[in-house]
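These notes are about the structure you will find just below.
Bear in mind the structure is a predicted one, so any value in this text is a computation, not a measurement. Counting starts at 1 for both ligands and their atoms, in listed order.
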Amino acid sequence: MPSSKDRSPFVNAETKSQSLASQRQYQTDAGITELLLGEQLSEVIPGYRSRISQLEMALDIELALKTRSHLIVESGAGSGKTLAYLLPVLMTGGRTLIATSTHTLQQQVQDIAVSLGKIVGHRSVVVIKGRRNYVCPRRLLNPEVAAEVSEKTMLRLQQLQAWWPRSETGDLTEFMDIDVDDDLQEIVTCPAESCAGSSCPMIDLCPLDRIRRRVHDAEIVIGNHHLLAGMLRSDPLDVLSGFDHIVVDEAHRLPDVIARCETISLSSDQLRYLIAAVVREAGRSEVDSSRLLDAAASLEYVVVATADDSSSPVLQRLAERLQRLEACVSEAAQQSFKFRNLLQRIGLLRVTLGRLLADVDTGSTHQDESRRTGFHILGLHEPVSRSIQRMVIGSEATWVFTSATLAVNGTCHQFQEATGMQDVRATLFPSEYDYPNQASLWIPDISQPSESAHIPELVRAVLPLLGTAPTLMLFCSKKAMDEAAALLAGFDGLLVQGRMSRQGLVEAFSAMEKPVLLATQSFREGIELAGDRLRLLVVDKLPFPNIGDIDVQIRMTAVTLSSRDSFRDYILPEAVIALRQSFGRLIRREHQRGLFVLGDPRIRTHDYGAQFLHSLPSMPVLTSDDEAMTYFQDIVNEPASA
Ligand code: SF4
C-alpha cells in the first residue's frame, strides 16, 4: 500500500477497477456481514434488525477505507446510515474523524459508537465542538474584561467563574443556552486569531488544550461541519490533523457550511463601532489623543463615502485610513489593555478588507442592497469546490461523504461538482421503504406560487383533509406560513412555528390526536415528529433558494465565476435536495402510509419539473381531488404500526 504522502487524493480509473477487483475479496470477509445479519447487535442497539441496504453500504465503506479510496455514498431512507459507517470505521481501525451537522447528532453518533464498542472492541471516542463552545480562562479570569461588561452580564460572568473549575469539559453548553447568552459567550471564549496556543500562561487550565490532548489520543473523534471548515485556516490548537479516515455525515450540508464559513464580510457598522470605541477610549485614557482622534475622523469620512461607492479605489482609501488608525492605536496599546484589544480588532478588519480588495476586481464581491444606510460588502474568496478539495488534499486521509439526500435525478453529479470530487466513486443505496405502496403524490390544481391566490387556494384544497390525521404543512417563507395560519385561525389542533419553542411544538404534536403543524422549511430536517404518526405532508411550493438572500447571491456568483450555470448547477439542485428532504419527513417506518401534497403546478408546467419528479421516490401521482380524498380516507383509517 502506498504511503499517505504519495498517493493521489482521488480515485482514478485504474484504482477504481482495482477497487472492484478487491471488492470480491472483501465480500468473503464475514466480520461485518455476520454482525449485521446476526442477533448480536440487538443486544446493544435497541430495536436493531438487519437490513440489506445497510449491509451493502457497510461493506462498500469498509472497502473504501481498506483500499484508501474516497467514497460518496447515499444511504436510502430507513437503512440505518450511522451504523453502516460506524461499524466499518470501528472494525477497520485507524484514527477517524466523523463530522456531522449538529451537537445532537454528535451525541447520538458517540452513543452508538460506545455501544458497538462492547461487541467489536473498545475504542477511545471523543466529542469535540467548535472553540466558541469552550471557556477561555485567560479571558474569563482577566479583571480588565470584567470591567467592560454590563451589570447583567457581570452577574452571569461571576456565576460562570464559580462554575467552570468544577466542570470537567469547560463546555459552555453545560452552563447556559449559548444561543441566548451571546454577550457572555463573546467575552469568555477565544477566537483562533487571538489564542496564544502553547505560549499561553493559562494553558494548564485551558479546556481547549485539555480537549486537544484528548483528541490527539483518541481513535474516534466526533466533530461537526463547522469544525471541519477550520481545516481551511491555521488552528493554533491543532486538533484537525493526523486522521486516517474522515467521514462526513449529512454531507449534503457541507458545501453550504463551507460557503458560510469562508464568506468574508465588512460593514460600515463594524467600522463605526470601532471608531466610536477608539474615540471613547481616547477620551478616558492618559494617551495623547490628538493624533488618534484625527486618524479616527479621517477613517469615518471614507466610511461615509463608501456607502455610495465600493469600487476598488474607494476601498483602497479605506484600507489606507484603517492602516493609519492602526499605527496610532499601536502606540497607545503599549499603555492600555483596551487599546491592545482594539488593535487586534483593527488587525482583523484590515485583513478582511485586504481580501475583499483582492476580490473586488474579479466581480466576486457583493454589496448587500437590502441595507438602508451604510454598506455591507461580502465576498467568497474561492469556489466552495476548491475549498473542499484543499481540505481533502491537505488532510491526507480517506474521505467518505454520506447522506440520505445527495442525488439529483438519480445521480450524485451535482454533489460531486459542488465538492470538487468529480473523480470520486459514488454509490446510491435504495431505501428500505416500499414507496409505491406507502405514499402518493397529489398536485392540486391551484394558482402559481407568484399569484396572490396561491396560499388561499392551497388551504382551500387541503382543508377537507385537515383535522383527520396528523399533518405537517411546510412553507418556503414565514409570510406564506403566517398567511395560512391566519386562514386557519381557530382550527382545532393548529400548531404554528414561532408560537412556542421547537421542542414544545414536537411535544405538543406527539400529545395531540390530530395536530396540524404549520412550519417553515427549517423543519424539513433534523426533527422527528412522533415516529410513524404523520399521514399528510403539504409543501406549499418548490423550495428554490431565495435569490434575494445575499448568501445565495454569493454562491451564485461563485458558481458563475467557475464557468458553471448558477440556475442549473446551484439553484435547481439545491431545490431538488430540499424537496427530497421535505418528503423525507413523511415516511419514517416500513408500514407507514402517507399523502404528499405539493402546491406548485410548476412541477408539471416547467421544464425543470421533471428533475424534481425523477428525484422523488417512485410513487403514484393522484390526478384528481376525488382520488386524493379517497386515498387519504383509506390511509387515515389504518392504525399506526409502531
Ligand atoms: S490557550 Fe487560547 S483558549 Fe486556552 S486559555 Fe490560552 S488563550 Fe485561552
Side-chain angles (χ1 to χ4, degrees), residues 97 99 103 106 126-149 153-154 156-179 181-218 221-242 261 274 277 326 329-330 333-352:
L97 171 64
H103 291 166
Q106 281 181 264
V126 169
V127 169
I128 180 169
K129 301 173 183 172
R131 44 187 319 136
R132 273 175 63 83
N133 290 274
Y134 297 98
V135 169
C136 162
R138 194 163 68 115
R139 289 184 159 222
L140 180 70
L141 303 177
N142 186 339
E144 288 177 300
V145 168
E148 287 183 11
V149 301
T153 307
M154 185 65 196
R156 296 289 286 149
L157 186 64
Q158 285 166 347
Q159 289 167 343
L160 182 60
Q161 284 168 340
W163 168 85
W164 90 276
R166 300 194 304 273
S167 163
E168 265 181 42
T169 60
D171 181 349
L172 275 174
T173 48
E174 293 169 14
F175 173 75
M176 65 185 194
D177 182 346
I178 55 174
D179 288 338
D181 226 332
D182 232 21
D183 287 351
L184 187 62
Q185 187 187 21
E186 184 73 38
I187 293 166
V188 300
T189 59
C190 181
E193 304 80 32
S194 314
C195 177
S198 55
S199 56
C200 175
M202 295 273 189
I203 193 90
D204 291 343
L205 299 174
C206 178
L208 263 168
D209 187 59
R210 248 186 343 250
I211 195 100
R212 178 186 67 81
R213 279 185 271 122
R214 288 184 60 210
V215 163
H216 278 196
D217 292 342
V221 177
I222 304 170
N224 55 43
H225 296 166
H226 284 88
L227 191 86
L228 204 58
M231 280 185 170
L232 295 164
R233 291 176 282 279
S234 68
D235 177 10
L237 290 175
D238 184 29
V239 291
L240 294 168
S241 57
C261 292
L274 172 76
E326 188 177 28
V329 171
S330 171
Q334 289 160 24
Q335 299 169 39
S336 150
F337 161 80
K338 289 187 181 168
F339 276 117
R340 282 200 292 282
N341 273 355
L342 287 170
L343 187 63
Q344 216 161 47
R345 261 165 77 183
I346 296 173
L348 292 175
L349 289 171
R350 194 173 44 72
V351 170
T352 302

Number the atoms of ligand 1 from 1 as they appear, then name those within less than 4.0 Å of a heavy atom of A196, with their elements. 2 (Fe), 7 (S)
Quick test of your reading of the model: are E186 and R132 salt-bridged, counting only N-O distances below 4.0 Å? yes
Give a yes or no on whether a salt bridge exists between D217 and R213, defined as a side-chain N under 4.0 angstrom from a carboxylate O. no
Does any N, O or S atom in C190 come within less than 2.8 Å of atom 2 (Fe) of ligand 1? no
Closest to atom 4 (Fe) of ligand 1 by heavy-atom distance, out of C206, P201, P191, is C206
Looking at R214, I'd like to know if its CZ atom is crowded, meaning that more than 12 non-hydrogen atoms belonging to other residues, nucleotides or ligands lie closer than 6.0 Å. no
So which atom in E174 and which in T169 form the shortest heavy-atom distance, rounded to 0.1 Å? OE2-OG1, 3.0 Å
Strictly under 2.8 Å, is atom 4 (Fe) of ligand 1 approached by any N, O or S atom of C200? no
